[in-house]
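These notes concern the structure reproduced below.
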Amino acid sequence: MEERRPLLARSPRVFGRRWLVLVLFSALGFLQGLVWNSWGPIQASARAVYGFSGLDIALLVLWGPIGFLPCFLFMWMMDNKGLRVTVLLTLVFMVLGGGLRCVPVSDLSLRRRLIHAGQLLNGFAGPTAMNAAPFLSTTWFPPDERATATAIASMLNYLGGACAFLIGPLVVPAPNATSSGLLSTDNVGSIKDRIEAVLYAEFGIIALVFVAVVAYFPARPPVPPSIAAASRRLSYRSSICKLLSNVRFLMIVLAYAIPLGFYAGWSGFFLDLILTPIHVNQVDAGWIGFWSIVGGCIVGIALGRFADSFRGILKPILVLLFSGSTLMATWFTLTFLSNITHLPLTTATLYASCILLGVFLNGSVPIFFEMFVETVYPVPEGITCGFVTFLSNIFSGILLVFLTFYHTDLSWLNWCLTGSCLLSLFFIVCFRESYDRLYLDVFISV
């Protein structure tokens, strides 16, 4: 059974307003990533001010993957009700979540619960922020701009998470213990004021984006920009059946979900803990996380533009990226065994290996998204990417849950990250690519 979309009655046409739509959606993604990663980079300060335990900090990060549980509901809504309704509902969750984090109550126990609730509501915004980029690019952009639009819309969510590494440690000071090992009241009060200033600022910007989307964010352009944008798509049930029965798709999904899900948990929460034993402080760990994601965003957008200019080369790009990520993960892991490998364990080598690892992995995200959609077309973009990111968040969530209860020795995490990159490279090399949507746009005329 197929869902019928309007047939293309006029020639494809693009509208300048597509860039405004892209900016508004990218702002949503940026803020969702920023709020999700608020606490990991400043966990020492948050413990001192709000009395968070290690379990609390892990749970604050875990609300992101948990928020993906209603993922398929959001994807159904996007494909059936349109992008405007889905984006508005997503921003409602973000506004409510940002507001709960700012409620000024003196009871620390109640304040912790409100912050947890706010993070969960922000997690519910994750499916739209992380999945809707290919749907938006197909709906608004012509074939020679789709990969670029997908890259910008998807990478801004990662850039938000990166800015949390920068904003948190730079705005919020680390706690300074007195000679007796206790924190002074003035020190705690100063840290609390800085944290709350960040929370209020984030809430205000989210509310501003919400108002802008209410004012203008159409569901689709008056005329589709391509044949694929106006073509018929499979129904929800048929799409799920096709995804689960397509072995090639499941192979490339695992190539994405395992390393990217593992890396999200590794970098978002445990990177700080992994680097602490070798005397890398909170600020330096934050800079490493920041530049690894920023570099990935720049590479991802550049590769998206490259893929638009030279079509049909998504697989070679992924092979190149995961060859680099495997080498960087191996380099990072072996530097921790400097007594055996004699590799130098310095700030420069840590920065280089961590940042390049993040660049290669994060830069692959928009290329993967385009590959997923091409592989299973005419399955709707929302369902396809929702399925993929749901699995990725399951891997990330399992890692976070396990390490919430076992975090005494984290060195084995580095080996697992290296193995996941190598496994993904194997799946990509074995994958047989196809470009059904691109074929429709390039070779089929109306």
Legend entry - Closest non-hydrogen atom pair between Tyr50 and Arg112, with its separation: O-NH1, 2.7 Å
Legend entry - Donor-acceptor pair, side chain of Ser53 and main chain of Asp56, under 3.5 angstrom: yes
Legend entry - Rounded distance (nearest 0.5 Å) linking atom CD of Glu374 with atom OG1 of Thr384: 11.0 Å
Inset, instruction - Carefully, step by step, assess Leu62 and Leu59 under the rule side-chain contact (heavy atoms from CB on, under 4.5 Å). - result: CA-CA 5 Å; Leu62 188 59; Leu59 193 57; 4.0 Å; yes
Inset, instruction - Count the heavy atoms of every other residue, nucleotide or ligand shown that sit under 6.0 Å from CZ of Arg111, and state whether that count exceeds 12. - result: yes
Inset, instruction - Could you tell me whether the side chain of Arg84 and the main chain of Phe217 form a donor-acceptor pair under 3.5 Å? - result: yes
Inset, instruction - May I have the step-by-step check of ring-ring contact (aromatic ring centres under 6.0 Å, His included) for Trp19 and Phe141, ending in yes or no? - result: CA-CA 9 Å; Trp19 296 108; Phe141 288 82; 5.0 Å; yes
Legend entry - Check: Pro380 main-chain N/O paired with Asp79 side-chain donor or acceptor under 3.5 Å: no
Legend entry - Closest non-hydrogen atom pair between Ser292 and Cys354, with its separation: CB-O, 3.7 Å
Inset, instruction - Only counting residues at least two apart or in another chain, list the ones meeting ring-ring contact (aromatic ring centres under 6.0 Å, His included) with Phe306. - result: Phe310
Inset, instruction - Please name the pair of heavy atoms, one in Val379 and one in Ser239, separated by the smallest distance, quoted to 0.1 Å. - result: CG1-CB, 3.6 Å
Inset, instruction - Check whether the ring centres of Phe368 and Phe322 lie less than 6.0 Å apart, and answer yes or no. - result: yes
Legend entry - Atom of Phe52, atom of His116 and distance for their closest heavy-atom approach: CE2-NE2, 4.2 Å
Legend entry - Residues Glu381, Arg146: salt bridge by 4.0 Å N-O rule: no
Inset, instruction - Give, for atom CG of Leu69 and atom CZ of Phe390, the distance between the pair rounded to the nearest 0.5 Å. - result: 6.0 Å
Inset, instruction - Examine the side chains of Thr138 and Arg437 and answer whether a donor and an acceptor come within less than 3.5 Å of each other. - result: yes
Inset, instruction - Could you check if a side-chain atom of Gln119 sits within less than 4.5 angstrom of a side-chain atom of Trp39, using non-hydrogen atoms only? - result: yes
Legend entry - Spacing of Leu120 atom CG and Ile115 atom CD1 [to the nearest 0.5 Å]: 14.0 Å
Legend entry - Minimum side-chain heavy-atom gap Pro41-Phe290 below 4.5 Å: no
Legend entry - Exam field: side chain Asp144 to backbone Asp308, donor-acceptor pair closer than 3.5 Å: no
Legend entry - Test item: Thr86 and Phe74 side chains (from C-beta on) under 4.5 Å apart, heavy atoms: yes
Inset, instruction - Decide if atom CZ of Phe426 counts as having more than 12 heavy atoms of other residues, nucleotides or ligands within a radius under 6.0 Å. - result: no
Legend entry - Intermediate values then yes/no, side-chain contact (heavy atoms from CB on, under 4.5 Å), Phe249 and Leu243: CA-CA 7 Å; Phe249 173 71; Leu243 294 181; 3.6 Å; yes
Inset, instruction - Examine the side chains of Trp140 and Glu145 and answer whether a donor and an acceptor come within less than 3.5 Å of each other. - result: no
Inset, instruction - Using modelled atom types only, decide if a donor and an acceptor are shared between the side chain of Tyr435 and the backbone of Leu314 within a distance under 3.5 Å. - result: yes
Legend entry - Atom of Asn122, atom of Leu31 and distance for their closest heavy-atom approach: OD1-O, 4.5 Å
Inset, instruction - Mark yes or no for whether Lys315, through its side chain, and Phe431, through its backbone, hold a donor-acceptor pair below 3.5 Å. - result: yes
Legend entry - Check: Trp76 main-chain N/O paired with Asn80 side-chain donor or acceptor under 3.5 Å: yes
Legend entry - Short side-chain to backbone donor-acceptor contact, Ser238 and Ser235, under 3.5 Å: no
Legend entry - N/O donor-acceptor pair under 3.5 Å between Ser137 side chain and Pro134 backbone: yes
Legend entry - Heavy-atom pair of closest approach, residues Leu28 and Ala129: CD2-CB, 3.8 Å
Legend entry - Ser420 (side chain) donor-acceptor with Leu417 (main chain) under 3.5 angstrom: yes
Legend entry - Side chain to side chain, Ser38 and Glu202, heavy atoms closer than 4.5 Å: yes
Inset, instruction - For residues Pro221 and Thr139, determine if any side-chain heavy atom of one lies less than 4.5 Å from a side-chain heavy atom of the other. - result: yes
Legend entry - Spatial distance of atom CG (Leu96) from atom CG (Leu100) [nearest 0.5 Å]: 6.5 Å
Inset, instruction - State plainly whether the residues Arg101 and Glu196 are in salt-bridge range, i.e. N to O under 4.0 Å. - result: no
Legend entry - Non-hydrogen side-chain atoms of Ile258 and Ser424 separated by less than 4.5 Å: no
Inset, instruction - Would you sort out whether Met75 and Asn131 count as a side-chain contact (heavy atoms from CB on, under 4.5 Å), showing the intermediate values? - result: CA-CA 8 Å; Met75 297 306 99; Asn131 298 335; 3.6 Å; yes
Legend entry - Separation between OG1 of Thr418 and CG of Leu334, rounded to the nearest 0.5 Å: 7.5 Å
Inset, instruction - Please round to the nearest 0.5 Å and tell me the distance separating atom OH of Tyr158 and atom CG of Leu361. - result: 9.5 Å
Inset, instruction - Evaluate side-chain contact (heavy atoms from CB on, under 4.5 Å) for Leu250 paired with Phe387, printing each intermediate quantity in order. - result: CA-CA 10 Å; Leu250 294 177; Phe387 181 86; 4.2 Å; yes
Inset, instruction - Examine Phe372 together with Tyr256 and report whether their ring centres are nearer than 6.0 Å. - result: yes
